[in-house]
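Scroll down for the structure; my scribbles are underneath it.
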Amino acid sequence: MLDIQIFRSDINAVADTLIKRRRHEFDVKAFQALETERKQLQTNTESLQAQRNALSKEIGVYKKNKDEEGAKKLMLQVGQFAEQLKQNEERLAEVQSELRAILSSIPNVPHESVPNGIDEQDNVEVRRVGEPRQFNFAVRDHVDIGENLGQVDFDRAAKITGSRFVLLTSRIAKLHRALAQYMLNTHTEKHGYTEVYAPYMVNANALFGTGQLPKFEADLFSVPVGDAGKYYLIPTAEVPVTNIFGDEIVKLENLPLKFVCHTPCFRSEAGSYGRDTRGMIRQHQFDKVELVQLVHPEQSYERLEELTGHAESILQGLDLPYRVVTLCSGDMGFSAAKTYDLEVWLPGQNAYREISSCSNFEAFQARRMQTRYRTESGKPDYVHTLNGSGLAVGRALIAVLENYQQKDGSVTVPKVLVSLMGGLESIEPI
RNA sequence: GGAAGCGUGGCAGAGCGGUUGAAUGCACCGGUCUUGAAAACCGGCAAGGGCGCAAGUCCUUCGUGAGUUCGAAUCUCACCGCUUCCGCCA
């Protein structure tokens with residue numbers, strides 16, 4: 001959520017930026033009309049409330065003095081505007097909730113360093129790290145590799161559940177676990193993150209906080225709770241972890257707060273039918289190790305570079321070639337002010353594919369969650385939030401299978417994973 | 001699932017229809033005292049919002065929502081959460 005103050009003072013500039021940079025249009029006239037009404041209603045309502053409060057206090061005094069007559073007179077006075085006050089209060093609540101609804105459906109404004117653009121075509125490559133390996137045989141993709149090894153099974157997953165799920169077994173299931181373990185160990189031991197175990201189901205309020213609701217309900221899975229309520233399966237650990245300090249004022253000296261959390265992620269992938277239907281690239285359920293930081297506003301852009309580096313270090317440790325891309329304004333997520341994507345080289349696709357997304361949300365999420373810190377002067381102010389995948393475990397598995405494949409169909413275990421694999425150096429067919 | 005109890009400021013904990021945004025203690029901040037510190041003493045200390053250049057002033061908030069009332073932290077209803085006991089269970 002953007003600061004309503006900038007809509008009050010400089011609405012045309014914001015509207016302009018949002019159209020040019022995010023192709024997001026909103027009705028400035030309607031907003032302003034509501035805002036004018038709000039201002040008038042609020043002033044009016046509050047002055048009536050003040051009158052009522054003053055009279056009520058007086059009534060109290062009369063009652064104490066047993067002057068029922070005097071009290072009666074004042075009660076009549078209040079009665080004269082009671083109905084008007086009630087109507088004002090109701091309308092004011094309506095207007096404010098309409099304003100809030102508009103405000104909460106407006107995306108974040110991109111940082112000035114974010115390149116302008118429409119879609120992923122306009123993303124800007126920042127750097128490439130590592131050289132794609134040259135193969136002296138016909139490369140296979142992870143589906144062929146995994147099925148040939150007899151340890152990746154899409155058909156049975158579809159039988160058990162449906163499409164876009166996978167069943168991993170034996171060494172590959174263990175490799176998947178080892179990858180997550182390696183990521184968690186690295187981030188906790190080398191990068192100073194605190195490990196978190198968090199709920200996999202969250203309420204609507206938490207999803208509002210990070211920006212998935214109200215606009216993107218269709219992307220989420222939910223389960224009914226009680227008679228009317230529901231919980232949502234998390235689409236990313238970002239949701240429970242970023243919300244840890246929602247509605248709280250954290251101590252300045254505790255910043256930055258850095259958390260790492262390994263969870264499954266559940267996404268309905270509505271609107272992506274037909275895309276990446278082969279293999280494990282786009283699943284309804286996948287594991288991810290997520291990095292989350294709550295930081296002092298002045299530091300958030302340095303922290304974004306740092307956090308991106310933490311995610312990169314996993315790819316480097318696994319010796320996987322990748323590139324870093326700055327998302328253009330049109331390709332960024334709803335809540336982000338700036339995003340770097342890490343794209344890993346997949347020989348099976350002969351392409352770089354996203355494996356991590358690292359973003360600075362500035363105060364956009366903090367404002368929704370009401371997460372603040374106390375400034376040096378003691379005044380509360382919003383923190384900045386960041387997160388990034390460090391990394392998507394399922395996609396990391398794909399990358400390892402494809403980049404470490406051998407001519408005979410086996411897959412070499414990356415050096416850093418050997419001990420986590422109990423000494424196993426190569427995955428063979430079973 | 002059944003029964004009982006409880007949700008108040010950073011924490012603990014009063015208040016149970018009237019001038020209470022809320023006693024008191026702890027924590028925290030400033031001051032006096034002290035060579036310094038501690039102790040003692042004095043003072044300060046919730047958040048959000050409106051109007052205002054400002055000083056200030058007004059409104060809202062005692063789990064959430066609705067209601068009763070001139071007036072609600074206090075009464076009513078619903079919901080959410082927590083605790084304890086019983087049952088069940090990994």
Output the rounded distance in Å from [atom1] ([X]) to [atom2] ([N]).
X       : N      : atom1 : atom2 : value
N254(A) : G10(B) : CG    : P     : 15 Å
D67(A)  : G18(B) : CG    : C1'   : 15 Å
E90(A)  : G65(B) : CD    : C1'   : 15 Å
R100(A) : G49(B) : CZ    : P     : 12 Å
R374(A) : A46(B) : CZ    : P     : 9 Å
K72(A)  : G71(B) : NZ    : P     : 14 Å
I249(A) : C28(B) : CD1   : P     : 18 Å
L41(A)  : C59(B) : CG    : P     : 17 Å

Approximate separation, where rounding is to 0.5 Å, of E238(A) CD and T210(A) OG1: 5.0 Å
Counting heavy atoms not belonging to Y231(A), are there more than 12 under 6.0 Å from its OH? no
Is the number of heavy atoms from other residues, nucleotides or ligands under 6.0 Å of E425(A) CD greater than 12? no
Considering only atom [atom1], compute the distance from [N] to [M] and round it to an integer number of Å.
N      : M      : atom1 : value
U32(B) : A37(B) : P     : 11 Å
U76(B) : G1(B)  : C1'   : 28 Å
G7(B)  : A14(B) : C1'   : 15 Å
C75(B) : G71(B) : C1'   : 13 Å
G65(B) : A27(B) : P     : 34 Å
C26(B) : U19(B) : P     : 27 Å
C11(B) : A4(B)  : P     : 30 Å
G9(B)  : A46(B) : C1'   : 6 Å

Ignoring hydrogens and geometry, is there a side-chain-to-backbone donor-acceptor pair from R22(A) to M332(A) under 3.5 Å? yes
Check whether any side-chain N or O of S222(A) sits under 3.5 Å from a backbone N or O of Y232(A) as a donor-acceptor pair, and report yes or no. no
With nearest nucleotide decided by heavy atoms, which residue, M75(A) or R372(A), maps closer to the 5′ end of RNA chain B? R372(A)
By nearest-heavy-atom nucleotide on RNA chain B, the more 5' of Q96(A) and Y231(A) is Q96(A)
If you look at every strand shown and take non-hydrogen atoms under 4.0 Å, does K251(A) touch a base, only sugar-phosphate, or nothing? nothing
So what does Q5(A) hit on the nucleic acid, given a heavy-atom distance under 4.0 Å: a base, only sugar-phosphate, or nothing? sugar-phosphate
If you apply the rule ring pair (Phe, Tyr, Trp, His ring centres under 6.0 Å), what do you find for F364(A) with F334(A), and how did you get there? CA-CA 10 Å; F364(A) 190 86; F334(A) 177 77; 5.6 Å; yes
Sort by first number and list every stem of RNA chain B: at least 3 consecutive Watson-Crick or G-U wobble pairs, both distances under 3.5 Å. B:1-7 with B:80-86, B:10-12 with B:24-26, B:28-32 with B:40-44, B:46-51 with B:56-61, B:63-67 with B:75-79
Any side-chain heavy atom of V241(A) within less than 4.5 Å of one from E290(A)? no
Heavy-atom check, side chain of D67(A) versus side chain of E69(A), under 4.5 Å: yes
In residues 51-62 of chain A, which ones come under 4.0 Å of RNA chain B, going by heavy atoms? R52(A), N53(A), S56(A), K57(A), I59(A), G60(A), V61(A)
Would you call the rings of H187(A) and H191(A) parallel, tilted or perpendicular, taking 30° and 60° as the class edges? tilted
Which residue, Q293(A), K258(A), E312(A), forms the side-chain contact (heavy atoms from CB on, under 4.5 Å) with L307(A)? Q293(A)
[X], nearest nucleotide to its side chain (from [options]):
X      : options                : answer
A50(A) : C51(B), C58(B), C70(B) : C58(B)
V78(A) : C70(B), C59(B), C51(B) : C70(B)
E46(A) : U19(B), G50(B), G18(B) : G50(B)

Where do D276(A) and R164(A) land on the salt bridge (charged side-chain N to carboxylate O under 4.0 Å, His left out) test, with the steps shown first? CA-CA 10 Å; D276(A) 299 315; R164(A) 294 196 191 272; over 6 Å; no
